[in-house]
Amino acid sequence: MEKNTQFVGQSLAFLDAVEQAGRAAELNRPVLVIGERGTGKELIAERLHHLSPRWGEPLITMNCAALPETLIEAELFGHEQGAFTGASRARAGRFEEADGGTLFLDELGTLSMAAQERLLRVIEYGEVTRIGASRAVRVDVRIVAATNEDLPAAADAGRFRPDLLDRLSFEVITLPPLRAREGDVVVLADHFGRRMAAELNWPQWPGFTAACSAELEGYGWPGNVRELRNVVERAVYRWDEPARPISRITFDPFASPWKPRPMMPRQEPRAETAAAPSASSPCDSVSDLKAAVDAYEASIIRAALERYRYNQRATAKGLGLTYDQLRHCMKKHDLSAG
(Lines give C-alpha, C1' and ligand atoms only; values in the text may rest on other atoms or scores of the structure.)
Protein backbone atom coordinates (compact mmCIF):
# COMPACT_ATOMS: atom_id res chain seq x y z
CA MET A 1 0.00 0.00 0.00
CA GLU A 2 1.40 3.42 -0.89
CA LYS A 3 1.75 5.98 1.85
CA ASN A 4 -0.51 9.01 1.84
CA THR A 5 1.86 11.75 0.67
CA GLN A 6 -0.82 14.43 0.27
CA PHE A 7 0.24 17.91 1.35
CA VAL A 8 -2.46 19.91 3.10
CA GLY A 9 -1.95 23.61 3.75
CA GLN A 10 -2.30 27.05 2.23
CA SER A 11 0.18 29.25 4.12
CA LEU A 12 2.91 30.87 2.04
CA ALA A 13 5.68 29.61 4.34
CA PHE A 14 4.54 26.01 3.83
CA LEU A 15 3.90 26.32 0.09
CA ASP A 16 7.33 27.90 -0.43
CA ALA A 17 9.00 24.87 1.19
CA VAL A 18 6.96 22.46 -0.96
CA GLU A 19 7.85 24.41 -4.10
CA GLN A 20 11.52 24.41 -3.12
CA ALA A 21 11.40 20.62 -2.80
CA GLY A 22 9.80 20.34 -6.24
CA ARG A 23 12.63 22.35 -7.83
CA ALA A 24 15.37 20.40 -6.04
CA ALA A 25 13.81 17.05 -6.97
CA GLU A 26 14.98 17.25 -10.58
CA LEU A 27 18.67 17.52 -9.69
CA ASN A 28 20.87 14.59 -8.73
CA ARG A 29 22.21 16.35 -5.64
CA PRO A 30 21.92 15.71 -1.88
CA VAL A 31 19.28 17.63 0.06
CA LEU A 32 19.01 18.36 3.78
CA VAL A 33 15.51 18.70 5.23
CA ILE A 34 15.43 20.61 8.52
CA GLY A 35 12.46 20.97 10.82
CA GLU A 36 10.96 20.34 14.23
CA ARG A 37 9.38 16.97 14.97
CA GLY A 38 6.07 16.48 13.21
CA THR A 39 6.62 19.07 10.48
CA GLY A 40 6.56 16.55 7.60
CA LYS A 41 10.22 15.89 6.83
CA GLU A 42 9.53 12.36 5.56
CA LEU A 43 6.78 13.65 3.24
CA ILE A 44 9.25 16.12 1.73
CA ALA A 45 11.77 13.30 1.23
CA GLU A 46 9.12 11.25 -0.58
CA ARG A 47 8.28 14.24 -2.77
CA LEU A 48 11.96 14.71 -3.65
CA HIS A 49 12.14 11.07 -4.74
CA HIS A 50 8.84 10.77 -6.60
CA LEU A 51 9.39 13.96 -8.61
CA SER A 52 12.96 13.00 -9.52
CA PRO A 53 14.23 10.95 -12.49
CA ARG A 54 14.75 8.16 -9.93
CA TRP A 55 11.02 7.82 -9.17
CA GLY A 56 10.87 4.26 -10.54
CA GLU A 57 13.77 3.06 -8.40
CA PRO A 58 13.82 2.24 -4.67
CA LEU A 59 13.29 4.81 -1.93
CA ILE A 60 15.01 3.33 1.12
CA THR A 61 14.45 4.91 4.54
CA MET A 62 16.65 4.55 7.59
CA ASN A 63 16.07 6.17 10.97
CA CYS A 64 19.57 6.72 12.32
CA ALA A 65 18.27 7.11 15.89
CA ALA A 66 16.36 3.81 15.91
CA LEU A 67 19.42 1.56 16.03
CA PRO A 68 22.21 1.17 18.59
CA GLU A 69 25.52 2.68 17.53
CA THR A 70 27.08 -0.77 17.13
CA LEU A 71 24.62 -1.66 14.34
CA ILE A 72 24.43 1.63 12.43
CA GLU A 73 27.40 0.94 10.16
CA ALA A 74 26.29 -2.63 9.45
CA GLU A 75 22.83 -1.35 8.48
CA LEU A 76 24.19 1.39 6.24
CA PHE A 77 27.03 -0.44 4.56
CA GLY A 78 26.17 -4.14 4.98
CA HIS A 79 28.36 -6.96 6.25
CA GLU A 80 29.84 -10.28 5.22
CA GLN A 81 29.12 -13.59 6.91
CA GLY A 82 31.10 -13.92 10.13
CA ALA A 83 32.14 -10.25 10.13
CA PHE A 84 31.06 -9.99 13.79
CA THR A 85 29.19 -11.98 16.40
CA GLY A 86 25.68 -12.70 15.12
CA ALA A 87 26.50 -12.15 11.43
CA SER A 88 25.37 -15.62 10.38
CA ARG A 89 24.98 -14.62 6.73
CA ALA A 90 26.05 -11.83 4.40
CA ARG A 91 23.68 -8.89 4.14
CA ALA A 92 23.49 -5.89 1.82
CA GLY A 93 23.31 -2.51 3.52
CA ARG A 94 20.88 0.33 2.84
CA PHE A 95 23.22 1.89 0.27
CA GLU A 96 23.19 -1.26 -1.87
CA GLU A 97 19.42 -1.59 -1.45
CA ALA A 98 18.97 2.00 -2.65
CA ASP A 99 21.27 1.60 -5.67
CA GLY A 100 19.78 3.61 -8.52
CA GLY A 101 17.31 5.32 -6.21
CA THR A 102 17.19 7.47 -3.09
CA LEU A 103 18.39 6.85 0.46
CA PHE A 104 16.54 8.86 3.11
CA LEU A 105 18.54 9.21 6.32
CA ASP A 106 16.23 10.44 9.07
CA GLU A 107 17.62 11.82 12.37
CA LEU A 108 20.98 12.37 10.68
CA GLY A 109 22.37 14.31 13.65
CA THR A 110 22.49 11.14 15.78
CA LEU A 111 25.11 9.41 13.61
CA SER A 112 28.36 8.63 15.39
CA MET A 113 31.58 10.28 14.21
CA ALA A 114 32.80 6.91 12.87
CA ALA A 115 29.64 6.43 10.80
CA GLN A 116 29.88 10.03 9.58
CA GLU A 117 33.41 9.39 8.34
CA ARG A 118 32.35 6.28 6.39
CA LEU A 119 29.31 8.10 5.02
CA LEU A 120 31.57 10.88 3.75
CA ARG A 121 33.76 8.35 1.91
CA VAL A 122 30.73 6.80 0.22
CA ILE A 123 29.54 10.22 -0.96
CA GLU A 124 33.00 11.18 -2.22
CA TYR A 125 33.87 7.95 -4.04
CA GLY A 126 30.48 6.33 -4.72
CA GLU A 127 31.72 3.05 -3.26
CA VAL A 128 30.56 0.95 -0.31
CA THR A 129 32.66 -1.65 1.49
CA ARG A 130 30.71 -4.11 3.59
CA ILE A 131 32.02 -4.79 7.08
CA GLY A 132 34.40 -7.75 6.79
CA ALA A 133 34.79 -7.39 3.01
CA SER A 134 37.99 -6.56 1.13
CA ARG A 135 36.41 -5.22 -2.06
CA ALA A 136 34.28 -2.13 -2.53
CA VAL A 137 30.97 -2.11 -4.43
CA ARG A 138 30.01 0.87 -6.60
CA VAL A 139 26.60 2.41 -5.86
CA ASP A 140 24.56 5.18 -7.46
CA VAL A 141 22.49 6.67 -4.65
CA ARG A 142 20.96 10.09 -4.08
CA ILE A 143 20.97 11.06 -0.41
CA VAL A 144 18.19 12.99 1.28
CA ALA A 145 18.79 13.56 4.99
CA ALA A 146 16.63 15.05 7.71
CA THR A 147 17.19 16.33 11.22
CA ASN A 148 15.68 18.59 13.86
CA GLU A 149 19.15 19.64 15.03
CA ASP A 150 21.14 22.77 14.23
CA LEU A 151 23.87 20.99 12.26
CA PRO A 152 26.13 24.05 11.76
CA ALA A 153 26.13 24.52 15.56
CA ALA A 154 26.82 20.79 16.02
CA ALA A 155 29.75 21.09 13.60
CA ASP A 156 31.12 24.07 15.53
CA ALA A 157 30.84 22.03 18.74
CA GLY A 158 32.72 19.08 17.22
CA ARG A 159 29.71 16.74 17.15
CA PHE A 160 29.26 16.73 13.37
CA ARG A 161 31.85 16.66 10.61
CA PRO A 162 31.98 20.01 8.79
CA ASP A 163 33.16 18.33 5.56
CA LEU A 164 30.16 15.97 5.64
CA LEU A 165 27.86 18.92 6.26
CA ASP A 166 29.33 20.67 3.22
CA ARG A 167 28.73 17.58 1.09
CA LEU A 168 25.11 17.14 2.14
CA SER A 169 23.95 20.74 2.06
CA PHE A 170 23.73 21.41 -1.68
CA GLU A 171 20.14 22.38 -0.93
CA VAL A 172 18.64 22.90 2.52
CA ILE A 173 14.86 22.91 2.93
CA THR A 174 13.70 24.24 6.31
CA LEU A 175 10.10 23.38 7.10
CA PRO A 176 8.06 25.95 9.05
CA PRO A 177 6.53 24.84 12.36
CA LEU A 178 2.75 24.69 12.49
CA ARG A 179 2.57 27.81 14.68
CA ALA A 180 4.13 29.78 11.77
CA ARG A 181 1.71 28.41 9.15
CA GLU A 182 -0.99 31.06 9.25
CA GLY A 183 -4.46 29.62 8.65
CA ASP A 184 -3.30 26.01 8.27
CA VAL A 185 -4.42 24.73 11.68
CA VAL A 186 -8.12 24.98 10.80
CA VAL A 187 -7.55 23.55 7.30
CA LEU A 188 -5.60 20.58 8.67
CA ALA A 189 -8.05 20.00 11.52
CA ASP A 190 -10.93 19.84 9.04
CA HIS A 191 -8.95 17.43 6.83
CA PHE A 192 -8.07 15.04 9.68
CA GLY A 193 -11.55 15.34 11.19
CA ARG A 194 -13.27 14.37 7.93
CA ARG A 195 -11.01 11.36 7.50
CA MET A 196 -11.65 10.15 11.05
CA ALA A 197 -15.41 10.66 10.72
CA ALA A 198 -15.39 8.57 7.53
CA GLU A 199 -13.37 5.86 9.31
CA LEU A 200 -16.03 5.79 12.05
CA ASN A 201 -18.82 5.65 9.43
CA TRP A 202 -20.41 8.91 10.49
CA PRO A 203 -23.18 9.99 8.07
CA GLN A 204 -21.62 13.46 7.71
CA TRP A 205 -18.85 15.65 9.06
CA PRO A 206 -20.30 18.13 11.61
CA GLY A 207 -17.10 20.16 12.03
CA PHE A 208 -15.92 21.96 15.16
CA THR A 209 -17.67 24.72 17.07
CA ALA A 210 -16.25 28.23 16.77
CA ALA A 211 -14.92 28.05 20.35
CA CYS A 212 -13.23 24.72 19.64
CA SER A 213 -11.65 26.06 16.45
CA ALA A 214 -10.34 29.03 18.40
CA GLU A 215 -8.77 26.68 20.94
CA LEU A 216 -7.05 24.77 18.15
CA GLU A 217 -5.71 27.97 16.61
CA GLY A 218 -4.51 29.35 19.91
CA TYR A 219 -2.51 26.27 20.94
CA GLY A 220 1.30 26.24 20.45
CA TRP A 221 1.58 22.75 18.84
CA PRO A 222 5.02 21.62 20.05
CA GLY A 223 4.44 18.35 18.16
CA ASN A 224 3.29 20.19 15.03
CA VAL A 225 1.14 18.37 12.43
CA ARG A 226 1.60 14.95 14.03
CA GLU A 227 0.29 16.26 17.34
CA LEU A 228 -2.59 18.11 15.65
CA ARG A 229 -3.68 14.92 13.91
CA ASN A 230 -3.72 13.01 17.21
CA VAL A 231 -5.70 15.75 18.97
CA VAL A 232 -8.29 15.97 16.17
CA GLU A 233 -8.72 12.23 15.70
CA ARG A 234 -9.03 11.74 19.45
CA ALA A 235 -11.70 14.46 19.64
CA VAL A 236 -13.73 12.84 16.86
CA TYR A 237 -13.36 9.35 18.33
CA ARG A 238 -14.55 10.50 21.75
CA TRP A 239 -17.52 12.53 20.44
CA ASP A 240 -20.85 10.73 20.83
CA GLU A 241 -23.10 13.10 18.90
CA PRO A 242 -22.14 13.00 15.20
CA ALA A 243 -25.04 15.30 14.27
CA ARG A 244 -23.66 18.17 16.36
CA PRO A 245 -20.37 20.09 15.89
CA ILE A 246 -17.57 18.87 18.14
CA SER A 247 -17.14 21.17 21.12
CA ARG A 248 -14.70 19.23 23.31
CA ILE A 249 -11.03 18.54 22.67
CA THR A 250 -8.19 17.20 24.82
CA PHE A 251 -4.69 18.44 24.12
CA ASP A 252 -2.95 16.34 26.79
CA PRO A 253 -4.20 12.72 26.87
CA PHE A 254 -2.15 12.10 30.02
CA ALA A 255 -4.01 14.74 32.01
CA SER A 256 -5.84 13.02 34.87
CA PRO A 257 -6.42 13.63 38.59
CA TRP A 258 -5.16 10.06 39.12
CA LYS A 259 -1.95 10.29 37.12
CA PRO A 260 1.05 8.76 38.93
CA ARG A 261 3.28 11.07 40.86
CA PRO A 262 6.71 11.63 39.32
CA MET A 263 9.40 9.45 40.81
CA MET A 264 11.92 11.33 42.90
CA PRO A 265 15.46 11.03 41.60
CA ARG A 266 17.61 8.73 43.69
CA GLN A 267 19.90 10.70 45.95
CA GLU A 268 23.54 9.84 45.58
CA PRO A 269 25.34 9.52 48.93
CA ARG A 270 27.07 12.73 49.79
CA ALA A 271 30.81 12.65 49.74
CA GLU A 272 32.32 13.47 53.07
CA THR A 273 33.93 16.84 53.29
CA ALA A 274 37.60 16.40 52.68
CA ALA A 275 39.77 17.30 55.60
CA ALA A 276 42.37 19.99 55.17
CA PRO A 277 45.75 18.60 54.12
CA SER A 278 47.77 17.62 57.14
CA ALA A 279 51.30 16.52 57.67
CA SER A 280 50.26 13.01 56.62
CA SER A 281 48.29 14.15 53.55
CA PRO A 282 48.79 12.01 50.41
CA CYS A 283 49.62 15.23 48.57
CA ASP A 284 52.92 15.36 50.42
CA SER A 285 54.06 12.13 48.77
CA VAL A 286 53.35 13.27 45.18
CA SER A 287 56.56 13.49 43.17
CA ASP A 288 55.03 13.21 39.65
CA LEU A 289 52.08 15.60 39.28
CA LYS A 290 51.01 14.37 35.81
CA ALA A 291 51.01 10.72 36.87
CA ALA A 292 49.03 11.55 40.02
CA VAL A 293 46.44 13.56 38.08
CA ASP A 294 46.10 10.77 35.48
CA ALA A 295 45.64 8.15 38.20
CA TYR A 296 42.98 10.30 39.90
CA GLU A 297 41.15 10.88 36.60
CA ALA A 298 41.24 7.14 35.83
CA SER A 299 39.82 6.30 39.27
CA ILE A 300 36.94 8.78 38.79
CA ILE A 301 36.04 7.35 35.38
CA ARG A 302 36.33 3.75 36.64
CA ALA A 303 34.04 4.50 39.59
CA ALA A 304 31.50 6.26 37.33
CA LEU A 305 31.46 3.34 34.88
CA GLU A 306 30.70 0.97 37.76
CA ARG A 307 28.02 3.33 39.11
CA TYR A 308 26.24 3.43 35.73
CA ARG A 309 26.78 -0.30 35.07
CA TYR A 310 29.15 0.42 32.18
CA ASN A 311 26.50 2.27 30.18
CA GLN A 312 28.92 4.65 28.49
CA ARG A 313 26.36 7.22 27.37
CA ALA A 314 24.90 7.44 30.88
CA THR A 315 28.40 7.63 32.35
CA ALA A 316 29.37 10.46 30.00
CA LYS A 317 26.22 12.38 30.92
CA GLY A 318 26.85 11.79 34.63
CA LEU A 319 30.36 13.20 34.33
CA GLY A 320 29.36 16.17 32.16
CA LEU A 321 31.29 14.81 29.17
CA THR A 322 30.31 14.08 25.59
CA TYR A 323 30.31 10.43 24.53
CA ASP A 324 33.44 10.99 22.41
CA GLN A 325 35.25 12.68 25.30
CA LEU A 326 34.50 9.71 27.57
CA ARG A 327 35.72 7.26 24.92
CA HIS A 328 38.93 9.28 24.58
CA CYS A 329 39.53 9.16 28.35
CA MET A 330 38.85 5.41 28.49
CA LYS A 331 41.34 4.82 25.69
CA LYS A 332 43.88 7.13 27.33
CA HIS A 333 43.71 5.19 30.60
CA ASP A 334 43.24 1.76 28.97
CA LEU A 335 39.89 1.20 30.71
CA SER A 336 37.72 -1.68 29.50
CA ALA A 337 34.08 -1.28 28.47
CA GLY A 338 32.88 -3.66 31.15
Side-chain angles (χ1 to χ4, degrees), residues 32-34 36-38 41-42 45 58-98 102-123 128-133 137 139 141 143-151 153-155 157-161 164-165 168 226 301-338:
L32 270 177
V33 185
I34 312 293
E36 297 178 6
R37 61 187 175 96
K41 296 186 289 293
E42 186 172 355
L59 169 61
I60 303 298
T61 298
M62 175 172 162
N63 187 327
C64 300
L67 293 169
E69 184 180 334
T70 52
L71 294 180
I72 288 286
E73 293 189 48
E75 284 293 319
L76 274 176
F77 311 115
H79 60 79
E80 294 296 335
Q81 182 177 357
F84 50 84
T85 303
S88 56
R89 59 185 178 86
R91 184 180 183 281
R94 303 297 175 92
F95 268 98
E96 290 182 69
E97 293 175 355
T102 303
L103 176 60
F104 174 47
L105 299 176
D106 201 4
E107 302 289 353
L108 177 74
T110 63
L111 276 184
S112 68
M113 296 299 282
Q116 290 178 36
E117 183 176 357
R118 290 200 63 181
L119 177 58
L120 177 63
R121 291 185 60 83
V122 176
I123 296 171
V128 171
T129 303
R130 293 183 183 181
I131 297 175
V137 177
V139 291
V141 174
I143 295 179
V144 176
T147 184
N148 58 9
E149 284 199 47
D150 183 343
L151 290 185
R159 293 183 288 106
F160 200 86
R161 292 184 64 106
L164 178 59
L165 183 60
L168 293 176
R226 187 181 297 121
I301 294 172
R302 190 181 296 110
L305 284 167
E306 291 176 358
R307 185 163 69 251
Y308 291 101
R309 300 185 179 181
Y310 291 90
N311 182 320
Q312 294 176 27
R313 293 195 180 278
T315 302
K317 185 176 180 180
L319 291 175
L321 301 174
T322 67
Y323 177 78
D324 289 335
Q325 287 172 335
L326 175 66
R327 293 290 299 175
H328 174 76
C329 289
M330 291 175 64
K331 185 176 181 181
K332 172 184 173 183
H333 300 299
D334 195 23
L335 297 176
S336 68

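Nothing fancy with the numbering, it's 1 onward along the sequence.
Among all heavy-atom pairs drawn from Ile34 and Lys41, the shortest one is C-CD, 4.2 Å. Residues Ala92 and Glu97 come closest through the heavy atom pair O-OE2, 3.8 Å. Taking both residues in full, the closest heavy atoms of Ile301 and Cys329 are given as CD1-CB, 3.3 Å, listed atom of the first, atom of the second, then distance. Pairing each heavy atom of Phe104 with each of Ala146, the nearest pair is CE1-CB, 3.5 Å. Closest non-hydrogen pair, Ala115 versus Ile72, comes out as CB-CG2, 4.0 Å. Between Gln312 and Leu326, the closest heavy-atom pair is O-CD2, 3.1 Å.
The distance from atom CZ of Phe95 to atom CE of Met62, rounded to the nearest 0.5 Å, is 9.5 Å. Residue Lys331 holds its NZ atom at 9.0 Å from NE2 of His328, rounded to the nearest 0.5 Å. For the atom pair CD1 of Ile60 and CG of Leu76, the computed distance is 12.0 Å after rounding to the nearest 0.5 Å. With values rounded to the nearest 0.5 angstrom, Arg302 atom CZ is found 10.5 Å from Met330 atom CE. Interatomic distance, CD of Glu75 versus CG of Asn63, reported as 11.5 Å (0.5 Å rounding). For the atom pair CZ of Arg118 and CD1 of Ile131, the computed distance is 5.5 Å after rounding to the nearest 0.5 Å.
Put simply, the side chain of Thr147 does not reach to within 4.5 Å of the side chain of Leu168, judged on heavy atoms. Using a 4.5 Å cut-off on side-chain heavy atoms (C-beta onward), Leu59 and Val144 make no contact. Contact annotation: the side chain of Leu119 approaches that of Leu105 to within less than 4.5 Å [non-hydrogen atoms, C-beta and beyond]. Under the 4.5 Å side-chain criterion, counting only non-hydrogen atoms from C-beta, Glu96 is not in contact with Arg91.
Shown here is Lys317, whose NZ atom has no more than 12 heavy atoms of other residues, nucleotides or ligands within 6.0 Å.
The side chain to side chain donor-acceptor pair (under 3.5 Å) check on Thr102 picks up His49, with sequence neighbours excluded. Remark: Arg159 pairs with Glu149, Ala154, Ala157 by the side-chain contact (heavy atoms from CB on, under 4.5 Å) rule, at least two apart or across chains. By the side-chain contact (heavy atoms from CB on, under 4.5 Å) test, Gln116 is found to be paired with Leu111, Met113, Phe160, Arg161, Leu164, residues two or more places apart in sequence or in another chain being considered.
The one candidate from Leu151, Ile143, Asn148 that meets the side chain to side chain contact (heavy atoms under 4.5 Å, CB included) condition with Leu108 is Leu151.
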